[in-house]
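Below: one structure, written as structure tokens.
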Amino acid sequence: MIAVDTHVFRVSNRIPLAPGATVDAVADGLARIVPERFKDGAHVWLFRHGRDTCTARRPACPRCLVADLCTWPGKAT
């Protein structure tokens with residue numbers, strides 16, 4: 001199981017890696033798509049990306065390493 005907090009929820013929906021309307025839906029989606037060998041680190045990686053780059057109010061889209069995957073309409077490129 002991959003823990004889903006507000007940062008992971010936001011990133012998972014914006015990229016969209018595992019889109020979902022609820023935390024449980026995102027957690028289930030991540031559990032299905034994240035390879036087993038990455039599951040231990042996935043929460044930390046997504047959390048850090050959501051906290052440091054893909055922030056709620058002022059996302060740093062120009063320095064985002066996955067901006068080409070992002071479908072968020074408010075993308076600041």
Side-chain angles (χ1 to χ4, degrees):
M1 173 124 201
I2 297 171
V4 176
D5 61 11
T6 58
H7 304 295
V8 175
F9 184 79
R10 180 175 53 252
V11 170
S12 295
N13 276 290
R14 283 184 180 175
I15 291 179
L17 184 61
T22 66
V23 170
D24 289 336
V26 171
D28 291 343
L30 289 172
R32 280 192 304 276
I33 66 160
V34 174
E36 203 58 45
R37 65 182 184 192
F38 297 122
K39 284 189 177 172
D40 284 343
H43 169 78
V44 174
W45 299 328
L46 292 167
F47 170 81
R48 294 305 310 177
H49 185 69
R51 181 146 186 209
D52 300 337
T53 304
C54 192
T55 59
R57 294 189 182 163
R58 289 187 175 209
C61 301
R63 67 179 170 96
C64 178
L65 299 176
V66 293
D68 59 320
L69 303 175
C70 183
T71 61
W72 183 53
K75 186 165 42 172
T77 54

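Because the structure is a prediction, the values reported are computed rather than measured. Scope of the values below: all heavy atoms of this structure, side chains included, with no hydrogens, waters or symmetry mates.
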*Do L46 and L30 pass the side chain to side chain contact (heavy atoms under 4.5 Å, CB included) test, and can you show the C-alpha distance, the side-chain angles, and the key distance before you say yes or no?*
CA-CA 11 Å; L46 292 167; L30 289 172; 4.1 Å; yes

*Is any side-chain heavy atom of P19 less than 4.5 Å from a side-chain heavy atom of N13?*
yes

_Any side-chain heavy-atom pair of P59 and R14 under 4.5 Å_ = yes

*Would you find a donor on one side and an acceptor on the other, under 3.5 Å apart, between the side chain of K75 and the backbone of A67?*
yes

*So, does R10 use its side chain to make a donor-acceptor pair with the main chain of G50 at under 3.5 Å?*
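Judged by distance alone, yes, a pair lies under 3.5 Å.
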
_Smallest separation among heavy atoms of V34 and K39, with atom names_ = O-CE, 2.9 Å

*Nearest heavy atoms of V23 and F9, plus distance in Å*: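 Closest pair (atom of V23, atom of F9, distance): N-CE1, 3.8 Å.
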
*Do V26 and L69 belong to the same hydrophobic cluster, where Ile, Leu, Val, Met, Phe, Trp and Tyr are linked whenever their side-chain heavy atoms lie under 4.5 Å apart, directly or via other members?*
yes

*Indicate if V4 and I33 have the same hydrophobic cluster label, given that clusters are the connected sets of ILVMFWY residues with side-chain heavy-atom separations under 4.5 angstrom.*
yes

_Test log, rule side chain to side chain contact (heavy atoms under 4.5 Å, CB included), inputs L17 and V11_ = CA-CA 8 Å; L17 184 61; V11 170; 5.8 Å; no

*Do H49 and C64 pass the side chain to side chain contact (heavy atoms under 4.5 Å, CB included) test, and can you show the C-alpha distance, the side-chain angles, and the key distance before you say yes or no?*
CA-CA 9 Å; H49 185 69; C64 178; 3.5 Å; yes

*Check step by step if side chain to side chain contact (heavy atoms under 4.5 Å, CB included) holds for D5 and V8.*
CA-CA 5 Å; D5 61 11; V8 175; 3.3 Å; yes

*Find the distance between CZ (F38) and CD1 (I2) and round it off to the nearest 0.5 Å.*
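Reported to 0.5 Å precision, the distance equals 11.5 Å.
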
*Roughly how far, to the nearest 0.5 Å, is the NE2 atom of H7 from the CG atom of D52?*
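NE2 of H7 is found 9.0 Å from CG of D52.
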
